[in-house]
Amino acid sequence: MTTDIDVKHPVETEGPRHTVKEPEVRYDKQGEMPDAERVQKAMHGFVKDFGRTAAIYLESCIHCGMCAEACHFYEVTGDPRYTPVWKLEPMKQAYKREYGPFAAIYRTLGLKAPVTVGELEEWQHLLYDSCTVCGRCSLMCPMGIDIAGLISQARHGMAQAGLMPHELWAAAERGAREGSTLGATPKVFKDRVEWIADENEIEIPVDKAKADVLCTMSSIEIMKYPESIAATAKIMKHLGVDWTFRTDGYEATNFGLLSGQEEWQREMSLKLIEAAVACGAKTLVLPECGHAYGALRWMGANVYGKPLPFRVVHISEFLADNVRGGKLKLKKLAKSATFHDPCQISRRGGAVEAPREVMAALGIELKEMFPTKGTAWCCGGGGGVVAIHRADALRYKVFQLKMDQIDATGAELPVTSCANCRQTFDDGQAHFKWDETMKSLLELVADNLAEA
Ligand code: SF4
Ligand code: SF4
């Protein structure tokens, strides 16, 4: 593969709002293996799950360039390296050499040079640091190519070759080894729940043998926003729901999905599925976490090998259901707000109206950003990007798009329903000394429950 794109100097860091010192470029490797084996594993990973759909996608690109302007990384830099379809180049090369209709000819005549490990290392920047797997490019592509899906598939190849960013590898490995990506082990979770229950003088059921509803948390909520645990308990009490947390399946965060490690992804999803089956739950409520939604709502049945025997809903959908059913009674907030759509829940998940219904029930005057809903700009921290330190400068550049959008609405509150987005906003707020603090929809509801 040849490329005239130099990814060793990934981004201009001067922006209208800030200057960030570019961190030294670093590429990460996991495990010991010869370079040739690494390349072979990556190539095998790129084409391993190659079905007809992926092949059609790669064959049908008409190079129109429309995906470029859909991508926030291209939008803020104008740099062709960040064109979504370019991020798939190593996968395309693997497809042409190993799988495509002319693969034998390409190989025999040497028309496609083999990919080198150096090129794959450099491609970490494009597949991980500069892609939040937000799916905006997939939505805009006139040929219907799911570029974000292919980037996730390409990450599988990188994971198999031991070429993940260190932070994602470490988080996923810890998740697989300890059961939690951020150290929220069953004991830590139980201790936190007990502490939150005492602080808030509320009963929080854990490990009930039978319950109608199984609630889950993201590791970010458990470790950074534990008020979410109290908020969940207050709302469930208000609704009179028979619910529980379970220490054998509580963390919905799935770093296996983000890093491209399918086996870890599977294990984390199975824990939740088995916990819900064990307590006979009819509903599993996913927390304010975008990729948890994708991992279980859309991939859960594949992991389980048959239809899930319970319903999977995001917390915003659960709240909206109860608004519609007249059970969730809320005080009216005399405020205006704007809603940041988490990519995996709104665009990729389709849960666009649920949070807006809940905000309407709170009496909020909604001031939409432009663009919004399915075409909203990503906060820049999804797909694991917020965890990758070397991607900070680029991420902050992208974050300015969001700040400008929110400022333009003039709304009093920014609100979202994803703890990963919230964390990205908190980090961006501190970095830019911005005066807006992102609010959690879940906590806003819990703080404004009407008396029974
Ligand atoms: S928008 Fe679709 S068809 Fe056009 S260049 Fe991008 S991937 Fe190819
Ligand atoms: S999924 Fe999002 S971040 Fe990734 S290439 Fe597409 S638009 Fe850009």
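Numbering of ligands and ligand atoms starts at 1, following listing order. Predicted model, so just to flag it, every value in this text is computed and none were measured.
- When the heavy-atom distances from atom 7 (S) of ligand 2 to G149, C137, A68 are ranked, the shortest goes to C137.
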>> What verdict does the ring pair (Phe, Tyr, Trp, His ring centres under 6.0 Å) test give for F425 and H340, after you've listed the backbone C-alpha separation in whole Å, the side-chain angles of each residue and the deciding distance to 0.1 Å?
In response: CA-CA 10 Å; F425 274 90; H340 166 67; 5.0 Å; yes

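- Interface of P142 with ligand 1, defined as ligand atoms under 4.0 Å from a residue heavy atom, comprises 1 (S).
- Results of the ring pair (Phe, Tyr, Trp, His ring centres under 6.0 Å) test with W86 over W123, F73, Y74 single out W123 as the only residue that passes.
- Judged by a 6.0 Å distance limit and a 45° cone about the ring axis, R422 is positioned over the six-membered ring of Y225.
- Every atom of ligand 2 is numbered from 1 in the order shown, and the set under 4.0 Å from a heavy atom of A148 is 1 (S).
- Taking backbone and side chain together, C134 holds no N, O or S atom under 2.8 Å from atom 6 (Fe) of ligand 2.
- Close approach of ligand 1 to M143 (heavy-atom distance below 4.0 Å) involves ligand atoms 3 (S).
- Those atoms of ligand 2 with a heavy atom of H72 less than 4.0 angstrom away are 2 (Fe), 3 (S).
- Protein heavy atom in closest approach to atom 2 (Fe) of ligand 1: C141 SG, 2.3 Å.
- Every atom of ligand 1 with a heavy atom of C64 under 4.0 Å away is listed here by number and element: 1 (S), 3 (S), 4 (Fe), 5 (S).
- Taking the ring centre of W377 as origin, the terminal cationic atom of R136 falls inside the region bounded by 6.0 Å and 45° from the ring axis.
- Metal site remark for atom 8 (Fe) of ligand 1: C61 contributes an N, O or S atom at a distance under 2.8 Å.
- If you look at I147 next to ligand 1, the close heavy atoms, those under 4.0 Å, all belong to the side chain.
- Listed by number with element, the atoms of ligand 2 under 4.0 angstrom from any heavy atom of K87 are 5 (S), 8 (Fe).
- The protein non-hydrogen atom at the shortest distance from atom 4 (Fe) of ligand 2 is C131 SG, 2.4 Å.
- K29 places no side-chain N or O within 3.5 Å of a backbone atom of G162 that could act as its donor or acceptor partner.
- At a heavy-atom distance under 4.0 Å, only side-chain atoms of F73, from C-beta outward, approach ligand 2.
- Of the protein's heavy atoms, T132 N, 3.3 Å lies nearest to atom 3 (S) of ligand 2.
- In summary, the atoms of ligand 2 found under 4.0 Å from a heavy atom of G135, numbered by their order in the structure, are 1 (S), 2 (Fe).
- Residue contact check: P84 has heavy atoms under 4.0 Å from atoms 5 (S) of ligand 2.
- Distance alone, capped at 3.5 Å, is enough to place a donor-acceptor pair between the R192 side chain and the I222 backbone.
- Between the side chain of T338 and the backbone N or O of K367 there is at least one donor-acceptor pair closer than 3.5 Å.
- Between the side chain of R38 and the backbone N or O of A161, at least one donor-acceptor pair lies under 3.5 Å.
- Here the side chain of T216 pairs no donor or acceptor atom with the backbone of E251 at under 3.5 angstrom.
- Interatomic distance, CG of D28 versus CG of L168, reported as 9.5 Å (0.5 Å rounding).
- Note: F189 and Y250 meet the aromatic proximity criterion, with ring centroids under 6.0 Å apart.
- The residue M140 has no part lying near ligand 1, judged by heavy-atom distances below 4.0 Å.
- Among all non-hydrogen protein atoms, the one lying nearest atom 1 (S) of ligand 1 is C67 N, 3.3 Å.
- Protein heavy atom at the shortest distance from atom 8 (Fe) of ligand 2 is C71 SG, 2.4 Å.
- For F399 and H431, the ring centers are positioned 6.0 Å apart or more.
- Distances from ligand 2 to the non-hydrogen atoms of V133 include at least one value under 4.0 Å.
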